Novice: 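Please find one structure pasted underneath; my questions will follow.
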Amino acid sequence: MAGGRARPAPPAPCPPLICRAGAGPLAALLLLLSPAQAARRPNVVLVLTDDQDVFLGGMTPLKKTNALIAQMGVTFVNAYVPSALCCPSRASILTGKYPHNHHVVNNTLEGNCSSKSWQKIQEPNTFPALLKSMCGYQTFFAGKYLNEYGAEDAGGVSHVPPGWSFWYALEKNSKYYNYTLSVNGKARRHGENYSVDYLTDVLANMSLDFLEYKSNFEPFFMMISTPAPHSPWTAAPQYKNSFQNVSAPRNSNFNIHGKNKHWLIRQAKTPMTNSSIQFLDDAYRKRWQTLLSVDDLVEKLVKKLEFHGELDNTYIFYTSDNGFHTGQFSLPIDKRQLYEFDIKVPLLVRGPGIKPNQTNKMLVANIDLGPTILDIAGYDLNKTQMDGMSLLPLLRGDKNVTWRSDFLVEYQGEGYNGSDPTCPGLGPGVTHCFPDCVCEDSYNNTYACVRTMSTSWDLQYCEFDDREVFVEVYNLTADPHQINNIAKTIDQEILEKMNYRLMMLQSCSGATCRTPGVFDPGYRFDPRLMFSNHGVRARRFSAQSL
């Protein structure tokens with residue numbers, strides 16, 4: 001069919017009592033309500049893309065999405081992730097927690113990505129689990145869950161996390177063809193026939209079928225997690241020739257040496273080889289091509305919601321799990337770094353009570369999504385252990401909202417102690433290396449940052465957990481592309497306060513993650529705590545460590 005309508009078998013209609021089975025204590029209340037009364041509680045849709053930047057033009061291809069969500073709602077222009085990697089970031093979305101609290105540190109089972117430990121400790125307390133068990137929502141998931149989902153050592157695709165009424169999850173990492181879906185715990189294999197297998201379209205059509213066949217007695221939550229624009233960047237046939245004249249942006253940090261930065265950034269070869277530049281330009285173009293199918297998905301969803309009279313009572317969130325870089329500081333393509341291009345993401349929201357065509361400059365993070373959606377559902381956030389804050393007051397345009405001025409970014413490198421045989425000169429610990437031995441990660445690419453915004457400062461302060469105890473500090477007001485590391489020139493008192501604040505955030509949990517930042521009026525600095533046993537390693541500055 002036109003547009004590649006890959007039509008899976010719809011979820012079977014069921015009698016209301018069966019559909020409501022296991023829906024939690026609110027299900028009994030819903031029996032007493034008419035469908036019109038029950039529908040007053042808002043529905044929520046979360047569209048999550050994979051590796052979509054915002055800093056380098058990643059939203060440009062999405063004309064329909066911009067028109068249907070951004071122009072009909074609010075765009076958060078300072079939206080970030082606490083870890084610039086798929087699995088830790090997705091875990092933060094689901095749990096509302098920083099990585100040091102959900103303990104997913106990278107994309108491996110050993111890094112707790114979809115591990116048995118994650119399943120036992122974190123999955124029962126994710127916001128979808130609470131929505132279903134405590135708020136009476138019917139819940140629908142389709143697409144990429146966590147990178148190691150479906151691994152044999154973690155229960156395979158028969159494992160369906162608690163909290164999902166309908167479960168269509170991709171085994172392992174993003175693909176567009178030749179993949180396996182867990183359909184409510186049963187494996188379904190897909191091939192490479194565009195009309196029935198192209199994953200973005202399959203997710204769109206599964207979502208439309210859910211909206212067609214869902215129960216009308218409960219509000220619903222949908223999470224649609226697309227493969228785009230993650231590699232292998234396979235565009236739908238009708239979009240393979242799009243953007244032929246597009247290339248990666250040549251901004252001021254493109255193809256320059258990352259001087260005064262961590263050794264992993266310094267090891268990149270400048271200038272890049274012609275083959276690397278051609279490769280990243282091609283990748284950039286293909287990434288945009290894959291997003292055109294996401295744009296179609298959003299349009300279909302909005303039209304279906306409108307057709308069923310649900311649109312005015314539905315919040316739609318659009319975001320990504322992390323950003324991406326293409327040639328910045330001569331790193332060809334990847335994420336995992338502490339810079340704006342990797343940690344900043346799109347966040348668009350429309351829904352009841354949100355005025356159209358709004359821009360919000362507050363500092364928000366993906367740990368806020370879970371609290372926000374639970375708040376929309378009427379759940380008491382004090383009953384959770386989430387680190388994030390509800391965005392609902394911002395969405396409603398409430399005045400005099402007390403908001404954060406900083407948040408934490410943390411990442412643990414994925415490298416191992418062995419050497420890459422293709423790049424022996426780089427020594428042990430590197431990984432994700434390109435043919436010209438430019439490597440995108442290493443075991444000691446392990447860092448934590450405070451990203452802060454206030455009326456006085458737009459600042460990022462980072463420390464690496466390595467033998468150098470390397471520090472990077474950027475004033476983004478003067479240097480938005482983070483070219484100049486000012487760690488050696490910034491006022492020592494600010495360095496000490498930022499170091500202290502980083503220690504506080506690295507050991508925070510729940511409400512303590514929301515205490516005033518360095519540039520908040522309520523902030524209190526006690527330098528004695530920098531050198532006490534506060535749960536993280538205190539660091540004393542010296543000229544050598546900077």
Side-chain angles (χ1 to χ4, degrees), residues 47-71 73-81 84 86 89 174 200 226-236 239-256 272 276-299 317-349 357 359-361 364 366 440 458 476 479-483:
V47 178
L48 178 66
T49 55
D50 196 351
D51 286 3
Q52 185 183 359
D53 71 278
V54 70
F55 198 76
L56 299 174
M59 283 301 298
T60 305
L62 292 147
K63 307 298 184 188
K64 300 171 185 176
T65 301
N66 278 304
L68 294 170
I69 304 181
Q71 292 176 25
V74 60
T75 299
F76 288 90
V77 295
N78 291 310
Y80 291 87
V81 296
C86 300
S89 180
S174 282
T200 306
T226 74
H230 196 285
S231 62
W233 316 304
T234 308
Y239 296 134
K240 283 186 175 180
N241 294 320
S242 302
F243 309 120
Q244 289 302 305
N245 296 321
V246 168
S247 57
R250 267 51 170 178
N251 52 17
S252 59
N253 57 14
F254 179 83
N255 200 16
I256 65 169
M272 290 183 288
S276 287
I277 293 176
Q278 182 177 353
F279 176 76
L280 69 86
D281 277 340
D282 190 45
Y284 189 89
R285 189 161 43 249
K286 289 179 177 178
R287 284 163 52 80
W288 274 24
Q289 291 169 356
T290 66
L291 285 168
L292 293 176
S293 293
V294 178
D295 214 27
D296 292 340
L297 179 154
V298 170
E299 181 184 42
F317 293 76
Y318 181 98
T319 192
S320 174
D321 58 1
N322 49 255
F324 206 71
H325 57 257
T326 45
Q328 283 61 49
F329 304 122
S330 299
L331 296 171
I333 58 161
D334 200 50
K335 50 264 186 177
R336 306 167 203 268
Q337 308 308 330
L338 56 88
Y339 307 104
E340 292 284 279
F341 42 74
D342 284 357
I343 65 172
K344 196 169 190 177
V345 292
L347 178 57
L348 320 175
V349 192
N357 209 25
T359 298
N360 189 292
K361 296 182 179 180
V364 302
N366 70 5
E440 295 277 3
D458 187 356
L476 284 96
D479 180 24
H481 292 106
Q482 297 168 289
I483 294 170

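None of the values given here were measured: they were computed from a predicted structure. Just so you know, these numbers use all the heavy atoms, side chains as well, and skip hydrogens, waters and symmetry mates.
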Novice: With sequence neighbours left out, write down each residue that passes side-chain contact (heavy atoms from CB on, under 4.5 Å) with Ser330, or none if nothing qualifies.
Specialist: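 Here the qualifying residues are Asn255, Ala268, Thr270, Met272.
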Novice: Please list, chain by chain and in numerical order, all residues satisfying salt bridge (charged side-chain N to carboxylate O under 4.0 Å, His left out) with Arg287, sequence neighbours excluded.
Specialist: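 Listed in chain order: Asp53.
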Novice: Could you tell me whether Lys63 and Asp295 make a salt bridge, using a distance below 4.0 angstrom between a side-chain N and a carboxylate O?
Specialist: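 The answer is no: the pair does not qualify as a salt bridge.
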Novice: Do any N or O atoms from the side chain of Thr60 and from the backbone of Gly57 form a donor-acceptor pair under 3.5 angstrom?
Specialist: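 Yes, because the side chain of Thr60 sits within donor-acceptor range (under 3.5 Å) of the backbone of Gly57.
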Novice: List the atom of Lys240, the atom of Ala235, and the distance in Å for their closest heavy-atom pair.
Specialist: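 Taking Lys240 first and Ala235 second, the nearest heavy atoms are CE-O, 3.5 Å.
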Novice: Distance-only, no hydrogens or angles: does the Asn253 side chain make a donor-acceptor pair with backbone N or O of His481 under 3.5 Å?
Specialist: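 Answer holds: yes.
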Novice: For Thr49, which residues count as a side-chain hydrogen bond (donor to acceptor under 3.5 Å, both in side chains) partner, sequence neighbours excluded?
Specialist: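 Residues passing side-chain hydrogen bond (donor to acceptor under 3.5 Å, both in side chains) with Thr49: Gln52.
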Novice: Just checking Phe324 against Phe55, ring centres under 6.0 Å apart?
Specialist: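 They do not qualify: ring centres at least 6.0 Å apart.
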Novice: Show your reasoning for whether side chain to side chain contact (heavy atoms under 4.5 Å, CB included) applies to Thr319 and Leu48.
Specialist: CA-CA 5 Å; Thr319 192; Leu48 178 66; 3.9 Å; yes
Novice: Quick one: closest heavy-atom pair of Ala79 and Leu347, and the distance?
Specialist: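 Residues Ala79 and Leu347, closest heavy atoms: CB-CB, 3.7 Å.
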Novice: Using the rule given for side chain to side chain contact (heavy atoms under 4.5 Å, CB included), can you reason through Thr75 versus Asn360, listing the C-alpha separation, both sets of side-chain angles and the distance that settles it, and then say yes or no?
Specialist: CA-CA 6 Å; Thr75 299; Asn360 189 292; over 6 Å; no
Novice: Given side-chain hydrogen bond (donor to acceptor under 3.5 Å, both in side chains), test His325 with Glu340 step by step and report yes or no.
Specialist: CA-CA 9 Å; His325 57 257; Glu340 292 284 279; over 6 Å; no
Novice: Run the side chain to side chain contact (heavy atoms under 4.5 Å, CB included) check on Thr234 and Thr290 step by step: do they pass?
Specialist: CA-CA 6 Å; Thr234 308; Thr290 66; 5.6 Å; no
Novice: Salt bridge (charged side-chain N to carboxylate O under 4.0 Å, His left out) with Asp458: which residues, sequence neighbours excluded?
Specialist: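 With neighbours one apart ignored, the set is Arg451.
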Novice: Considering only NZ, NE, NH1 and NH2 on the basic side and carboxylate oxygens on the acidic side, decide whether Lys335 and Asp51 come within less than 4.0 Å.
Specialist: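 Between Asp51 and Lys335 there is a salt bridge, with a charged N closer than 4.0 Å to a carboxylate O.
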Novice: Any sub-3.5 Å donor-acceptor pair from Gln328's side-chain atoms to Thr326's backbone N or O?
Specialist: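 Yes; at least one donor-acceptor contact below 3.5 Å.
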Novice: With sequence neighbours excluded, tell me which residues meet side-chain contact (heavy atoms from CB on, under 4.5 Å) with Asp282.
Specialist: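 Partners of Asp282 by the side-chain contact (heavy atoms from CB on, under 4.5 Å) criterion, ordered by chain and then number, come out as Arg285, Lys286.
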Novice: Taking all heavy atoms of Val349 and all of Phe317, pick out the closest pair and write down the distance.
Specialist: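 Heavy atoms of Val349 and Phe317 come nearest at CG2-CD2, 3.6 Å.
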Novice: In sequence, state the C-alpha distance, the side-chain angles, and the governing distance for Gln289 and Trp233, and then conclude on side chain to side chain contact (heavy atoms under 4.5 Å, CB included).
Specialist: CA-CA 8 Å; Gln289 291 169 356; Trp233 316 304; over 6 Å; no
Novice: With no hydrogens and no angle check, do the side chains of Asn322 and Ser89 hold a donor and an acceptor under 3.5 Å apart?
Specialist: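 Checked: Asn322/Ser89 side chains show no N/O donor-acceptor pair below 3.5 Å.
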Novice: Taking only residues two or more places apart in sequence or in another chain, which ones pass side-chain contact (heavy atoms from CB on, under 4.5 Å) with Asp281?
Specialist: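 side-chain contact (heavy atoms from CB on, under 4.5 Å) check on Asp281 returns Ser247, Ala248, Arg250, Ile277.
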